[in-house]
Protein chains: 2
Amino acid sequence: MRKNPTVQRESLGAAVLQVRSGRATSRTTLSRALGISPSTTGLYVDHLIAANFLNESGLNQGAMGRPRRTLTTHPEAGWFAGVEFNAQRIQAVGVDFSGRLKTTVEVILPSEVLAGQVIKSILACVARLAETMQGPLLSVGLGVPGLVDVQAGVGLYFAFIPDWQQVPLVELLGSKLKVPVILQNNLRAIALAERWFGLGHGLSVYVILGPRSGFGIAMVQEGRVIEGAQHAAGEVGRWPWPLSEGVGNSHTLHHALSAPATWRRLAGVDGQAKLPEDLRAGLAALADAAGPEWDAVCADYARVIGMLHLVLNTGVFILHGPLTMLGERFCHSITESALTQMPSLRDTGLKVVPSTLGDNAGALGAASLAMEAWLPG
Amino acid sequence: MRKNPTVQRESLGAAVLQVRSGRATSRTTLSRALGISPSTTGLYVDHLIAANFLNESGLNQGAMGRPRRTLTTHPEAGWFAGVEFNAQRIQAVGVDFSGRLKTTVEVILPSEVLAGQVIKSILACVARLAETMQGPLLSVGLGVPGLVDVQAGVGLYFAFIPDWQQVPLVELLGSKLKVPVILQNNLRAIALAERWFGLGHGLSVYVILGPRSGFGIAMVQEGRVIEGAQHAAGEVGRWPWPLSEGVGNSHTLHHALSAPATWRRLAGVDGQAKLPEDLRAGLAALADAAGPEWDAVCADYARVIGMLHLVLNTGVFILHGPLTMLGERFCHSITESALTQMPSLRDTGLKVVPSTLGDNAGALGAASLAMEAWLPG
DNA sequence: GGCTTTTTATTTGAATGCGAAAAAACCCCA
DNA sequence: TGGGGTTTTTTCGCATTCAAATAAAAAGCC
């Protein structure tokens with residue numbers, strides 16, 4: 001046994017992330033993934049096994065040579081909470097130390113809810129998760145709607161919760177939970193969820209499309225989420241729309257391509273028509289629709305996506321939110337329409353795909369935040 | 001005197017960059033800028049002074065305490081070449097080790113020039129620079145038009161040089177020049193020039209607007225240039241335009257807002273009118289123009305910039321190319337128009353400014369590439 | 001001038017991380 | 001059964017880097 005020097009917590013945290021993600025399964029692969037020497041990697045692993053964060057689970061014989069001693073994260077070393085909310089509901093997930101989703105909790109918020117009540121409910125959700133999770137809570141990730149100051153840990157502004165201004169979330173939650181609390185805008189958190197749990201796995205460049213009550217996007221370039229100078233990148237919903245409209249009026253992409261607006265257009269009802277009780281079900285019923293409305297909606301999405309693709313040269317667009325109920329066919333129609341409208345995009349790998357993560361993508365993304373921020377020790 | 005251990009070349013290169021940029025002026029400030037300990041910083045500086053890359057130039061007394069021993073780069077330790085070209089001309093600059101522009105060379109290319117001839121001319125330009133520069137050539141940066149594979153060192157495609165496809169520039173030039181050769185798209189190189197020599201100095205988020213024969217942009221987020229999945233980010237020029245146009249026809253932003261198109265619109269002549277011999281002078285003559293054409297052009301620019309700002313939340317847009325001849329007033333009009341068209345942008349710090357770098361911004365950007373890539377030893 | 005205060009630079013011993021070589025663990029093949 | 005080949009892991013000595021203490025250089029103040 002080697003002697004046991006102290007090592008940098010950051011390095012150990014990075015090592016755990018590599019093992020948990022499956023990118024590294026042995027000391028040698030971990031050494032390559034981290035870009036550090038095999039000898040140092042061995043020390044790290046010793047340390048992490050001694051602390052019960054990693055396990056050695058048997059051998060894995062390659063084509064030849066000494067078999068690698070498989071490294072896995074110890075699932076019961078602790079757990080991470082991921083919480084996402086908006087003005088209607090809170091979704092929370094509990095994720096074990098191996099990054100597997102174990103428990104979900106959902107709470108419907110009363111209408112006209114205020115910030116204080118949201119925070120109380122978040123704490124209650126985490127407490128309920130704790131009942132079923134193994135080991136200690138290690139950190140909490142929070143997917144926050146609206147503008148978020150990630151560094152300061154403050155929710156800056158969200159239109160649909162009346163007093164949601166300058167809410168010091170990290171301070172309020174951290175003091176109660178006694179673990180690190182990490183914030184991110186909820187759509188940008190989803191981008192992280194795709195990296196950990198979904199289609200963004202190997203990708204370093206992609207865009208999340210989030211048509212819900214509005215229309216926002218989250219952009220990932222070289223593995224990094226684009227924040228913008230005031231944490232407000234991705235506000236495509238405020239583009240004038242239709243693009244031919246004179247400016248200065250209130251026609252925006254929000255109004256044309258949000259999830260409710262899309263349902264209205266596909267269902268052929270006017271702006272006053274009441275939305276279905278369950279928008280997702282309403283949209284699912286339209287998945288086989290056809291005709292000029294379908295084509296027009298797809299053409300609009302294609303126009304936006306094509307323009308974004310020209311700016312960012314992104315490749316993959318991942319569709320999130322209720323509209324995923326329209327299925328693969330919707331995404332395929334959009335891709336086709338974009339290539340028809342802008343033929344020069346044909347060789348640029350433009351692709352629109354529906355997310356496979358389902359309804360709690362935001363909470364999973366928040367849990368990803370928590371996992372990425374955690375450090376051993 | 002301390003003993004003289006070998007140190008990492010990368011660290012030494014980073015230290016030189018900090019001193020050259022003026023962000024670090026003494027051992028202590030350098031230590032903070034690099035995020036390493038004062039003791040190690042002292043070793044680095046010893047090393048670099050011994051190798052004649054840095055100088056100690058006197059003392060600088062602060063408000064109190066021991067005065068800092070001012071560090072400067074040694075101007076004659078060597079020089080960097082920056083070369084930018086398009087189908088018409090090559091511009092090359094020689095920059096001394098302190099980052100000061102010393103010599104410029106311009107060569108007009110014959111029409112229908114081919115790749116081989118361009119490369120020969122580039123080598124000739126560097127040779128002419130060498131006649132006036134002090135010390136050895138250390139590295140060469142190249143601002144390449146069209147698509148560029150930065151990692152592979154290959155110019156992929158450029159429409160206006162007939163056989164410009166898969167040109168192995170780093171291989172071709174490096175084998176002759178015997179120094180590192182670094183590529184970047186010419187507009188993205190300009191983004192670096194702004195960081196070193198211009199308005200991007202303290203900024204970590206900004207956009208370069210490059211209306212020339214077409215219309216491209218270069219985006220910087222958190223100090224990093226956005227490349228895109230296929231090195232093709234920033235192709236805004238291929239947006240359909242006017243936005244109200246039906247798609248599928250050839251109306252693009254290239255045609256509406258390129259430098260020649262802008263001149264035609266402002267001068268009130270039709271698409272067939274001959275361009276002035278010197279487009280810059282022609283544009284300068286219009287700098288005091290007024291009336292509906294002026295407003296319409298500004299409104300178009302404002303529309304594009306506003307939409308980009310919503311996507312990227314960028315803050316500062318730096319205007320490059322011939323249109324800078326339209327002056328501050330043009331940029332001011334655009335900013336005003338954007339805020340009128342999209343009032344919600346008012347508090348987001350949106351600002352359009354003309355570059356102060358002048359005509360050889362591209363070559364200066366290429367020189368920045370060279371400086372950033374160089375390592376001592 | 002001598003004293004304290006403040007900031008910068010250097011020395012020193014300790015430790016973290018690396019490279020190279022050795023050891024280990026498996027395969028294949030005779 | 002044992003040797004050669006291959007890949008993984010560990011050992012070991014060394015070097016780069018750090019933290020802490022120390023030295024240095026000035027201003028301010030009495």
Side-chain angles (χ1 to χ4, degrees), chain A residues 1-16 18-19 22-51 54-72 375-377, chain B residues 1-16 18-19 22-51 54-72 375-377:
Chain A
M1 193 62 185
R2 281 166 284 213
K3 53 185 179 294
N4 200 339
T6 58
V7 291
Q8 301 288 344
R9 293 176 67 209
E10 284 78 10
S11 309
L12 292 179
V16 170
Q18 294 293 331
V19 173
R23 275 190 291 271
T25 56
S26 71
R27 285 162 174 78
T28 306
T29 51
L30 179 58
S31 158
R32 277 195 287 268
L34 292 172
I36 61 179
S37 72
S39 39
T40 308
T41 308
L43 291 173
Y44 285 8
V45 171
D46 285 355
H47 204 89
L48 289 166
I49 289 176
L54 295 186
N55 282 334
E56 278 184 342
S57 54
L59 302 178
N60 181 329
Q61 182 59 53
M64 210 177 272
R66 176 171 173 172
R68 49 195 75 176
R69 295 160 73 178
T70 311
L71 297 175
T72 51
L375 296 176
Chain B
M1 192 63 183
R2 280 165 283 211
K3 55 184 162 358
N4 200 341
T6 59
V7 291
Q8 300 289 344
R9 294 176 67 209
E10 284 79 10
S11 309
L12 291 180
V16 171
Q18 294 293 330
V19 174
R23 276 191 291 271
T25 57
S26 72
R27 285 161 173 79
T28 306
T29 51
L30 179 58
S31 159
R32 276 195 287 268
L34 293 172
I36 61 179
S37 73
S39 38
T40 307
T41 308
L43 291 173
Y44 285 8
V45 172
D46 285 354
H47 204 90
L48 289 166
I49 289 177
L54 294 186
N55 282 333
E56 277 184 343
S57 55
L59 301 179
N60 181 328
Q61 182 59 53
M64 207 178 276
R66 176 172 172 173
R68 51 195 76 178
R69 293 159 73 179
T70 311
L71 298 174
T72 51
L375 295 177

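Quick caveat: nothing in here was measured; it's all calculated off a predicted structure. Letters A, B, ... are given to chains in the order of the sequence lines, protein chains preceding strands, and every chain is numbered from 1.
- For B:Arg32, taking side-chain heavy atoms from C-beta onward, the closest of the listed nucleotides C:dG17, C:dT8, D:dT8 is C:dT8.
- As a whole-Å value, the separation of B:Asn60 CG from D:dA26 P is 12 Å.
- The backbone N or O of B:Thr72 sits nowhere less than 3.5 Å from a side-chain atom of B:Ser57 that would complete a donor-acceptor pair.
- Across the protein-nucleic acid pair, A:Glu56 atom CD and D:dT8 atom P stand 15 Å apart, rounded to whole Å.
- Between A:Leu59 and A:Ser11, the residue anchored closer to the 5' end of DNA chain C is A:Ser11, taking for each the nucleotide with the nearest heavy atom.
- For the pair B:Arg9 (side chain) and B:Pro376 (backbone), a donor-acceptor distance under 3.5 Å is present.
- Taking 4.5 Å as the limit, every side-chain heavy atom of B:Thr70 sits out of range of all side-chain heavy atoms of B:Leu59.
- Rounded to whole Å, atom C1' of C:dT10 lies 9 Å from atom CG of B:Asp46.
- A salt bridge between A:Glu56 and A:Arg27 is present, with a side-chain N of the basic residue lying under 4.0 Å from a carboxylate O of the acidic one.
- Within the 4.5 Å cutoff, the side chain of A:Gln8 has no heavy atoms near those of the A:Leu12 side chain.
- Side chain of B:Thr40 to main chain of B:Ile36: no donor-acceptor pair is present (N/O by atom type, distance under 3.5 Å, no hydrogens or angles).
- Inter-residue side-chain proximity for A:Gln18 and A:Thr25 is flagged as unmet; no heavy-atom pair is nearer than 4.5 Å.
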When you compare the protein's N or O atoms with those of nucleotides 2-7 of chain D, which come within less than 3.5 Å of each other, and at what distance?
unit_1	atom_1	unit_2	atom_2	d
D:dT7	O2	A:Arg66	N	2.9

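- Atom CD in A:Gln61 sits about 18 Å away from atom P in C:dA24, given to the nearest Å.
- Nearest heavy-atom pair, B:Pro38 versus B:Ser31, reported as atom, atom and distance to 0.1 Å: N-OG, 3.5 Å.
- Between B:Leu71 and B:Val45 there is a side-chain heavy-atom pair separated by less than 4.5 Å.
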Any protein N or O atoms within reach of nucleotides 18-21 of chain D? Criterion: under 3.5 Å, listing atom names and distances.
unit_1	atom_1	unit_2	atom_2	d
D:dC18	OP2	B:Ser37	N	3.4
D:dC18	OP2	B:Ser37	OG	3.0
D:dC18	OP2	B:Thr40	OG1	2.4
D:dA19	N6	B:Ser39	OG	2.9

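- Rounded to an integer number of Å, the gap from CZ of A:Arg69 to P of C:dC26 is 10 Å.
- Between B:His47 atom NE2 and C:dT10 atom C1' there is a gap of 18 Å when expressed in whole angstrom units.
- Here C:dA9 presents its P atom at 10 Å from CG of B:Leu30, a figure rounded to the nearest Å.
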